[in-house]
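Okay, so here's the structure we're looking at.
Each chain gets a letter, A, B and so on, in the order its sequence line appears, and its residues count up from 1.
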Amino acid sequence: MYALIDVNNCFVSCERLFRPDLRNKPVVVLSNNDGNVVARSNEVKALGIKMGVPLFQIKHLVKKHNIHVFSSNYELYGDISERIMTIIEQFSPNMQIYSIDEAFIGLQGFDYFNLNELAQKIKNEIWKQIGMPVCVGLAPTKTLCKVANRIAKKYPQLNGTYVIDSEEKRIKALKWLRVEDVWGISSGFIKRMEFKNIKSAYDFTLLDDFWTKKHLSIVGLKLKQELQGTDCIKIDDMAIKKSIACTRSFDVMVTELEELKKRIANYTAHASIKLRKQKSDCNSILIFLQTNPFRKELPQYYNKIIITFPYATSSSITLIKKAIQGIEYLYKDGYQFKKAGIVLMNFTPSENKQIVLFNEEPIKHIPLMKVMDRINNTIGNNTVRIGSQGFDKVFKMKQEFRSNRYTTRFSELIQLKV
DNA sequence: TCTGGGGTCCTAGGACCC
DNA sequence: TCTGGGGTCCTAGGACCC
């Protein structure tokens, strides 16, 4: 058996933690630049406001229903998430953090436990220690856990937990769930199944294996078997990432290359810190640049380049140099740019670094980065930086409605003192 | 006027090999 | 005029997730 612990309306619940007066009131949290709705309270869901709609399209509803609006505050959400994960970790040595608000744990060896009691205990512990509401779904496969969790969320009388531990419960749950709500089934798959007249998740499990594999690939077949109760997706320690990205839409249109270079340098610095934190090096970086696709009346441009180097590095200096080469190559005069970003790729562990004969990177970068990270960790982000990052506010964003950094202000305070 | 960010996995096809 | 068979590895792009 596995358990899936999933925070209810995560970002909204984080905001409510420090604004208890907003419980039972309609609340939304927005994406960067206050663009789209990325989290909704139950009250907002009930109004029919969909995930991902742009704020400007629902301005009238915000006013009419007195919806409380927050800009995203990822520092806060990340910190709350970490605390929740620490509690979950205590229930099983076998854990996979799936996203900022979800984690699976493996329950091998829990045969003699009352699983529903265990689920309640996890839920109550997180509520008691942190004040965040979660639902817990238990089942023999991860995909069925997702189903169980959905049921736990949907029916309040279950008190936030549900266990699928019999064939009857499995079939009942799958007949209840619409196929488009199955984890891993999206519009592409639905389209390919159109003529099969499949309505429920249960209908999906009746498909022929051969047909499923042929049209929905191994992914679809695994999904089907998972729903049938065969464990196909193992717990996977996702602690080491395979790529690290930093991309941003700009608060304003940018036309100058110098401005783009500065922004790209900051994105790269940000990503390289994450890279060093997980003790990886990379040997390629993708850089992209694009205009605003919503402004169809303006000339459009999108381009990307992948720069690969014959050695692996995590040096901000080297990576920023490559990123700037990339943006210089991509830049075109006469366009108004709205978005840019970088992705670090092809990781190797730092400790068994391959020695390269013609490495162009000075060996001094390694201790230098260590010192830089240590200073920035203790005194505050960006206290020491690479010259090309400039000295402007680092990630300029429209954030009209941001809450306080309630839990992570420590470094800011020290910075003020300095 | 205003439209997010960060990931994973799979596959087809190209470029090689003998 | 006729032109084989069987592999591996890599990569870009697609599809999916939260």
Hey, can you pull the residues of residues 289-298 of chain A with a non-hydrogen atom under 4.0 angstrom from DNA chain B?
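Going residue by residue through residues 289-298 of chain A, the ones with a heavy atom under 4.0 Å of DNA chain B turn out to be A:Asn292, A:Phe294, A:Arg295.
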
Rounding to an integer number of Å, can you tell me how far [X] [atom1] sits from [N] [atom2]?
| X | N | atom1 | atom2 | value |
| --- | --- | --- | --- | --- |
| A:Asn149 | C:dC17 | CG | P | 16 Å |
| A:Tyr77 | C:dC18 | OH | C1' | 15 Å |
| A:Ile100 | C:dC18 | CD1 | P | 14 Å |
| A:Met51 | C:dC16 | CE | P | 17 Å |
| A:Gln399 | B:dT3 | CD | C1' | 17 Å |
| A:Ile84 | C:dC18 | CD1 | C1' | 15 Å |
| A:Met85 | C:dC18 | CE | P | 14 Å |
| A:Tyr267 | B:dG4 | OH | P | 13 Å |

Answer yes when A:Asp165 and A:Arg170 have at least one side-chain N-carboxylate O distance shorter than 4.0 Å, and no when they do not.
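A salt bridge is absent here (no side-chain N lies under 4.0 Å from a carboxylate O).
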
Do the side chains of A:Glu328 and A:Lys261 get close enough for a salt bridge, i.e. N-O under 4.0 angstrom?
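Here A:Glu328 pairs with A:Lys261 in a salt bridge, since their nearest N and O are under 4.0 Å apart.
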
Which nucleotide sits closest to the side chain of A:Phe189: C:dA15, B:dG5, C:dC18?
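Looking only at heavy atoms from C-beta outward on A:Phe189, the closest nucleotide is C:dA15.
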
A:Asn32, nearest nucleotide to its side chain (from C:dC18, C:dA15, B:dG5)
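Nearest to the side-chain atoms of A:Asn32, counting from C-beta on, is B:dG5.
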
Residue-phosphate contact under 4.0 Å: [X] side-chain N/O, [N] OP1/OP2:
| X | N | value |
| --- | --- | --- |
| A:Ser99 | C:dC17 | no |
| A:Lys339 | B:dG5 | yes |
| A:Asn33 | B:dG4 | no |
| A:Lys338 | B:dT3 | yes |
| A:Lys398 | B:dG4 | no |

Aromatic ring pairing A:Tyr74/A:Tyr77, orientation class (parallel under 30°, perpendicular over 60°, tilted between):
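Perpendicular: the ring planes of A:Tyr74 and A:Tyr77 meet at over 60°.
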
Relative to each other, are the rings of A:Tyr331 and A:Phe337 parallel, tilted or perpendicular (30° and 60° limits)?
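The arrangement is tilted - the two ring planes meet at 30° to 60°.
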
Atom of A:Leu275, atom of A:Thr313 and distance for their closest heavy-atom approach
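Looking at all heavy atoms of both residues, the shortest contact is CD2-O, 3.8 Å.
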
Has A:Asp208 got a side-chain atom pairing as donor or acceptor with A:Trp211's backbone, closer than 3.5 angstrom?
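Yes, because the side chain of A:Asp208 sits within donor-acceptor range (under 3.5 Å) of the backbone of A:Trp211.
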
Taking the six-membered ring where the residue is Trp, are the ring centres of A:Tyr2 and A:Phe104 under 6.0 Å apart?
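Distance test on ring centres: not under 6.0 Å, no.
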
Mind running side chain to side chain contact (heavy atoms under 4.5 Å, CB included) on A:Ile287 and A:Thr268 for me, showing each step along the way?
CA-CA 10 Å; A:Ile287 303 103; A:Thr268 310; over 6 Å; no

Looking at OG1 of A:Thr161 and CD1 of A:Ile151, how far apart are the two atoms once the value is rounded to the nearest 0.5 Å?
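Reported value, rounded in 0.5 Å steps: 11.5 Å.
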
Output one letter per nucleotide in nucleotides 6-13 of chain B: B when a protein non-hydrogen atom lies under 4.0 Å from the base, S when only the sugar-phosphate is that close, - when neither is.
SSSSSS--

If the P atom of C:dC18 is compared with that of B:dT3, how far apart are they to the nearest Å?
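One P to the other, the span is 25 Å.
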
Side-chain donor-acceptor contact under 3.5 Å, A:Arg276 with A:Ser316
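Note: A:Arg276 and A:Ser316 side chains meet the donor-acceptor criterion.
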
Take A:Lys59 and A:Ser249, find for each the nucleotide of DNA chain B with the closest heavy atom, and name the residue whose nucleotide sits nearer the 5' end.
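Here A:Lys59 is the residue nearer the 5' end.
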
Looking across every strand, which nucleic acid part, if any, lies under 4.0 Å from A:Ile185 by heavy atom: base, sugar-phosphate, or nothing?
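Sugar-phosphate contact only.
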
